[in-house]
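Shown next, in C-alpha cells, is the structure this report addresses.
The chain is numbered in sequence order, starting from 1.
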Amino acid sequence: MQLRNPRMIGFGISNRQTLESARQNAAGAIIGSKFVTLLDEEGDADRALDRLFDALAK
C-alpha cells in the first residue's frame with residue numbers, strides 16, 4: 001500500500017469478518033482486547049495466540 005496517511009482500525013476486531021472489514025477500510029487492524037480476554041481465559045500466551053489465530057481464520 002502506498003497510502004499517504006495510513007490508518008489502522010483497532011476497535012471490535014475479534015473474528016475474520018471484523019478483520020476483513022478493517023482491512024478493506026484501513027491500512028491494517030490492531031487486535032488488543034480480544035487477545036487480552038483470551039490470555040485471561042487461557043493463562044498462557046501461546047494458547048491464547050493459537051485461539052486468536054483460529055478465531056481470525058474462520
Partners meeting side-chain contact (heavy atoms from CB on, under 4.5 Å) with [X] (sequence neighbours left out):
X     : result
Leu56 : Leu19, Ile31, Leu52
Ala55 : none
Leu39 : Phe35, Ala45, Ala48
Asp46 : Asp44

- Message: Strictly by salt bridge (Lys or Arg N to Asp or Glu O under 4.0 Å), give each pair with a member in residues 27-40 just once, sequence neighbours left out.
- Response: none

- Item | Residue pairs, two or more places apart or on separate chains, that pass salt bridge (Lys or Arg N to Asp or Glu O under 4.0 Å) and touch residues 10-22 | Arg16-Glu20, Glu20-Arg23

- For Phe11, what are the other residues in its hydrophobic cluster, where any two members join if their side-chain heavy atoms are less than 4.5 angstrom apart? none

- Item | Donor-acceptor under 3.5 Å (Ser21 side chain, Gln17 main chain) | no

- Task: For Asn15, check side chain to side chain donor-acceptor pair (under 3.5 Å) against everything at least two apart and list the hits.
- Result: Thr18

- Note on the structure: Those residues at least two apart in sequence (or on a different chain) that pass side chain to side chain donor-acceptor pair (under 3.5 Å) with Arg47 are Glu42

- Message: Between Ile9 and Ile30, is there shared hydrophobic-cluster membership here, with clusters defined by ILVMFWY side-chain heavy atoms closer than 4.5 Å?
- Response: no

- Item | Test salt bridge (Lys or Arg N to Asp or Glu O under 4.0 Å) applied to Glu41 - qualifying residues, sequence neighbours left out | Arg51

